[in-house]
**Student:** 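Handing you this structure, nothing more for now.
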Amino acid sequence: MEILTTIFSFVFLSQVLRIFTPYFLGATGANFSERGGVINIAIEGFMISGAFCFTVITVISGYSFLGISFALLINSLLAVVFSVFVLKLRLNQILIGVGLNLLIAGLAKFFMMYIFKSSSNTPRIDEIPRIPFLESIPYFGNILSDYIILFSLILISVSQFVLYKTKFGLRLRSCGENPEAAETSGVNVHSYKFYGILISALLSCLAGIWLASNQNSYSDGMVAGRGYIAIAAMIIGKWKPVNIFWACILFSFFEALEISLQIIPTGIPNQLIQMLPYLITLLVLIGFIGKTKPPAADGVPY
Amino acid sequence: MKISPTKKILLSIISSVIVTILIVFLFIFILGKNPFEIFGLMLSESFGTYYGFGQILFKATPLIIISCGLAICFHASLFNIGGEGQYNAGTFVFAILLIQFSSMPFILAFPLALIIAFLTGGLLGFIPGLIKVKKGVSEVITTIMMNFVILSLINYFLLNFFAVKATVHTEDIPINFKLSLISDFIPAFKGSSLNFTFFIAIVIAVIIYFLIYKTKLGFKIRATGFNEIASGYIGLKPAKVILISFFIGAGVIALAGINFVSGYKGYYEFGFSNNIGFSSIAVTLLAKNNPIGIIFSAILFAFLDFGGLAINQIIPKEIVLVVEAIVILSIISISKIIDMKF
């Protein structure tokens with residue numbers, strides 16, 4: 001009973017939306033990249049670099065907007081690096097993605113030790129300031145006044161609109177489905193693929209920034225596979241923005257449940273509850289979906 | 001200019017090692033440290049002494065076994081990132097079984113525990129293989145998810161049923177199931193943990209070499225990995241080959257725990273693996289998936305790992321993680337560049 005009353009509370013719903021934010025940002029980013037035909041496994045790494053760069057500069061300067069700008073800048077550079085590997089050299093996108101993930105995770109660990117002499121976490125930072133006039137909204141003021149959460153809620157319709165109703169979206173999708181045809185009709189395939197990668201890097205960066213700001217620090221391993229879960233959400237959402245939204249809501253629902261279960265004494269051991277998000281992801285991948293159908297030229301170097 | 005495939009492979013390995021060294025030296029230099037001093041210290045502390053050399057071979061042992069398992073997967077173009085989970089699961093099962101088998105003779109208990117550890121790992125590899133074949137979901141996602149699930153499960157079983165009170169490790173295995181230290185035969189290695197498992201690892205590498213390059217199954221694995229669709233046309237069953245390679249590969253990875261359980265500590269300890277599952281990806285790629293090459297590449301990475309401890313005072317040892325990632329990125333890109341040029 002206690003669990004049911006917990007689920008139908010505003011606190012729980014707010015919790016779902018908070019967990020939802022980094023997943024949806026990452027999944028939407030991954031979707032833009034894959035719609036352009038580039039498999040981006042590096043979402044995890046982009047999130048780590050976003051969270052880490054944001055925290056470092058915020059700690060040093062004391063201004064979160066400097067941290068945000070720096071993180072976005074670094075992630076844009078990483079997008080360029082990724083693009084050189086997969087577009088110019090036409091290398092295996094999955095291998096490069098995993099390599100980048102290891103590189104970014106390693107660099108974050110290294111610089112954490114180098115700058116802060118700690119292997120676990122950075123000094124505390126303040127949360128990003130909120131939107132003042134939205135804070136007074138009853139019940140949801142706390143959620144809606146958070147810039148990044150609000151942005152990710154708006155992103156649902158924006159990504160739907162951009163992908164299906166704009167010239168950019170049509171061209172991007174054509175690069176993912178049939179790059180030769182797109183090139184023939186005058187689309188610069190490489191630059192569109194790059195835009196896809198850049199969007200994924202920036203959105204994952206926001207996801208990382210949000211995680212760090214919400215936790216008031218960067219700690220080692222805090223991204224904890226969220227980038228991969230985001231990609232799973234994109235697959236389950238069949239590369240469609242609205243479905244991706246529901247897939248992310250599904251994952252966040254279970255994770256919020258996990259957190260509630262840890263607080264309410266249920267008799268279920270903690271270690272088993274902790275694996276829930278990953279187990280649910282696997283089970284959903286196994287059971288609920290038919291054979292997945294990515295964009296036709298997804299992952300094919302061009 | 002045309003050169004033979006073997007030369008191409010050697011050329012790409014050597015050039016990526018050089019490129020990595022250059023990048024890392026530059027990186028250290030930018031941080032205001034002297035890269036030559038650091039590298040020199042690493043060399044003298046490791047290869048300079050018998051103890052250091054023994055430790056390097058000791059650290060290389062699990063890397064060799066895991067990388068051989070990965071090599072099978074990679075030859076089939078299966079990017080198994082689940083090494084960490086498969087390695088932990090195999091080691092945990094192996095230790096638990098040896099404790100249960102305390103009344104059996106070594107000759108019976110040891111192989112039996114090994115076979116069951118192999119099957120455990122194999123099953124854990126089979127699952128992402130099945131999801132890939134049936135649903136088309138990339139094994140990268142599923143193996144990562146499985147890592148989290150497997151480690152949580154082990155943690156649960158360990159703490160609730162098997163751990164010695166107030167620790168995160170199991171009881172000790174019976175003393176007669178422990179393998180001899182090399183220092184028992186060659187006193188110069190005294191103090192190093194190098195043990196008989198190193199020779200088991202070499203044997204595994206040779207067996208996997210023959211499996212991949214000299215058997216029909218190996219041919220099928222390589223053909224499927226090279227071109228899944230074409231391999232279907234020549235009468236192979238890609239789905240079946242994918243499942244078999246994932247099973248054998250993950251099974252071999254699960255064997256790497258011998259080194260820690262029978263050769264070193266004598267128990268399973270949570271967190272013992274220390275991301276070796278990920279380092280092995282770099283080891284395997286640098287060796288171009290060749291098991292004999294893996295032996296040397298594993299020794300190189302073990303040197304980095306051990307040498308990292310020596311330089312920790314000057315520069316954080318986490319730099320080794322950065323080096324591993326740079327090796328991965330450079331071997332992939334340089335192989336491609338060399339392929340295009342020659």
Side-chain angles (χ1 to χ4, degrees), chain A residues 39 41 44-45 81 84-85 88-92 94-114 117 119 224-225 227-229 231-232 235-236 269-283 285-287 289-294 299 301, chain B residues 27 31 74 77 79 81 127-128 130-160 275 278-279 281-282 285 312 315-337 340:
Chain A
I39 295 179
I41 294 283
E44 176 88 0
V81 172
V84 169
F85 280 125
K88 282 273 172 263
L89 291 169
R90 303 173 73 232
L91 299 168
N92 183 319
I94 290 180
L95 280 172
I96 291 297
V98 172
L100 269 185
N101 281 343
L102 292 174
L103 179 68
I104 295 168
L107 281 172
K109 272 181 202 254
F110 174 79
F111 278 114
M112 191 126 94
M113 212 51 197
Y114 191 77
K117 306 277 178 286
S119 61
Y228 296 102
I229 295 186
I231 295 171
I235 296 172
I236 292 160
N270 232 351
Q271 298 97 348
L272 295 189
I273 294 175
Q274 272 164 8
M275 72 179 196
L276 250 157
Y278 312 106
L279 189 66
I280 300 279
T281 310
L282 271 176
L283 291 179
L285 284 173
I286 296 169
I289 52 165
K291 182 121 182 161
T292 55
K293 197 170 164 296
Chain B
F27 181 71
L31 293 175
F74 290 1
S77 277
F79 211 52
I81 314 287
I127 297 169
L130 199 63
I131 302 176
K132 185 185 173 74
V133 170
K134 292 279 178 213
K135 302 285 183 177
V137 177
S138 160
E139 68 281 8
V140 175
I141 310 286
T142 48
T143 48
I144 285 272
M145 293 297 128
M146 296 224 11
N147 278 346
F148 287 107
V149 173
I150 292 168
L151 289 174
S152 301
L153 277 178
I154 292 177
N155 197 4
Y156 167 73
F157 282 113
L158 181 67
L159 293 183
N160 285 285
N275 287 335
F278 293 105
S279 310
I281 296 172
L285 289 174
N312 202 15
I315 198 161
K317 64 175 188 310
E318 282 77 8
I319 190 153
V320 172
L321 299 172
V322 179
V323 177
E324 282 172 11
I326 295 176
V327 167
I328 295 180
L329 294 173
S330 64
I331 183 80
I332 305 167
S333 26
I334 287 170
S335 309
K336 178 81 178 198
I337 292 169
M340 289 191 305

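Every chain is numbered from 1, with letters handed out A, B, ... down the list of sequences. None of the values given here were measured: they were computed from a predicted structure.
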**Student:** For Ile337(B), is it the side chain, the backbone, both, or neither that has a heavy atom closer than 4.5 Å to a heavy atom of chain A?
**Tutor:**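 It is the side chain, since no backbone atom gets that close.
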**Student:** So which heavy atom on Ile332(B) is nearest to which on Leu91(A), and how close?
**Tutor:**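 Scanning both residues completely, I find the closest heavy atoms to be O-CD2, 3.6 Å.
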**Student:** Could you have a look at Leu159(B), Asn275(B), Ile319(B) and say which one has the most heavy-atom pairs with chain A under 4.5 angstrom?
**Tutor:**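 Most heavy-atom pairs under 4.5 Å with chain A: Ile319(B).
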**Student:** Search all heavy atoms of Glu318(B) against all heavy atoms of Met113(A) and return the closest pair with its distance.
**Tutor:**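 Reported closest heavy-atom pair: OE1-CG, 3.5 Å.
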**Student:** Considering only heavy atoms and a distance below 4.5 Å, find which of Asn155(B), Ile144(B), Ile131(B) pairs most often with chain A.
**Tutor:**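 When all of Asn155(B), Ile144(B), Ile131(B) are compared, Ile144(B) has the most.
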**Student:** Do you know the tightest heavy-atom contact between Leu89(A) and Ser333(B)?
**Tutor:**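 Answer, listing the atom of Leu89(A) first, then Ser333(B): CD1-CB, 3.8 Å.
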**Student:** So, taking the atom named NZ in Lys336(B) and the one named CG in Leu95(A), what distance separates them when rounded to the nearest 0.5 Å?
**Tutor:**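 Reported to 0.5 Å precision, the distance equals 11.5 Å.
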**Student:** Measuring from atom CG of Asn92(A) to atom OG of Ser335(B), what distance do you get when rounded to the nearest 0.5 angstrom?
**Tutor:**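 If I round to the nearest 0.5 Å, the distance is 11.5 Å.
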**Student:** Going through the checks in order, is the side chain to side chain contact (heavy atoms under 4.5 Å, CB included) test met by Ile229(A) and Met145(B)?
**Tutor:** CA-CA 8 Å; Ile229(A) 295 186; Met145(B) 293 297 128; 3.3 Å; yes
**Student:** Checking Asn160(B) against chain A: side chain, backbone, both or neither under 4.5 Å from a heavy atom?
**Tutor:**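 Looking at Asn160(B), just its side chain touches chain A.
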**Student:** Within a radius of less than 6.0 Å around NZ of Lys109(A), do more than 12 heavy atoms belonging to other residues, nucleotides or ligands occur?
**Tutor:**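 Atom NZ in Lys109(A) is not crowded, with 12 or fewer foreign heavy atoms closer than 6.0 Å.
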**Student:** May I ask you to test the Ile81(B)-Tyr228(A) pair for a side-chain heavy-atom distance under 4.5 Å?
**Tutor:**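 In short, these two side chains do not touch, never coming nearer than 4.5 Å.
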**Student:** Heavy-atom cut-off 4.5 Å, strictly under: side chain, backbone, both or neither for Phe85(A) against chain B?
**Tutor:**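 The side chain, not the backbone.
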**Student:** For Leu100(A) and Leu329(B), which heavy atoms make the closest approach, and how far apart are they?
**Tutor:**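 Nearest pair, atom of Leu100(A) first, then Leu329(B): N-CD2, 4.1 Å.
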**Student:** Is there a side-chain contact between Leu321(B) and Leu102(A), using heavy atoms and a 4.5 Å cut-off?
**Tutor:**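 The answer is no; the side chains never approach within 4.5 Å.
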**Student:** At a heavy-atom separation under 4.5 Å, does Leu279(A) approach chain B through its side chain, its backbone, both, or neither?
**Tutor:**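 Backbone plus side chain of Leu279(A), per the 4.5 Å heavy-atom cut-off to chain B.
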**Student:** Chain A: which of Leu153(B), Leu151(B), Ile328(B) shares the most heavy-atom pairs with it under 4.5 Å?
**Tutor:**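 Sorted descending by pairs with chain A, the first entry is Leu153(B).
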**Student:** Within the 4.5 Å heavy-atom criterion, are Phe110(A) and Ile315(B) side-chain neighbours or not?
**Tutor:**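 Yes, close enough: below the 4.5 Å cut-off.
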**Student:** Can you see which heavy atom on Ala232(A) is nearest to which on Ile141(B), and at what distance?
**Tutor:**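 For Ala232(A) and Ile141(B), the tightest heavy-atom pair comes out as CB-CG2, 3.9 Å.
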**Student:** Does the plane of the ring in Tyr278(A) sit parallel, tilted or perpendicular to the ring in Phe148(B)? Use 30° and 60° as the thresholds.
**Tutor:**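 Rings of Tyr278(A) and Phe148(B): parallel, under 30°.
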**Student:** Side chain, backbone, both or neither: which part of Tyr156(B) has an atom under 4.5 Å from a heavy atom of chain A?
**Tutor:**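 When you check distances to chain A, atoms from both the backbone and side chain of Tyr156(B) fall under 4.5 Å.
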**Student:** Answer whether the closest heavy-atom distance between the side chains of Ile127(B) and Leu282(A) falls below 4.5 Å.
**Tutor:**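 No; the side chains remain at least 4.5 Å from each other.
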**Student:** With chain A as the partner, which of Ala325(B), Pro316(B), Gly136(B) has the greatest number of non-hydrogen pairs under 4.5 Å?
**Tutor:**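 Top option by heavy-atom pairs under 4.5 Å: Pro316(B).
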**Student:** I'd like to know whether Val140(B) forms a side chain to side chain contact (heavy atoms under 4.5 Å, CB included) with Ile231(A), so could you lay out the CA-CA distance, the side-chain angles of the two residues, the decisive distance to 0.1 Å, and finally the verdict.
**Tutor:** CA-CA 10 Å; Val140(B) 175; Ile231(A) 295 171; over 6 Å; no
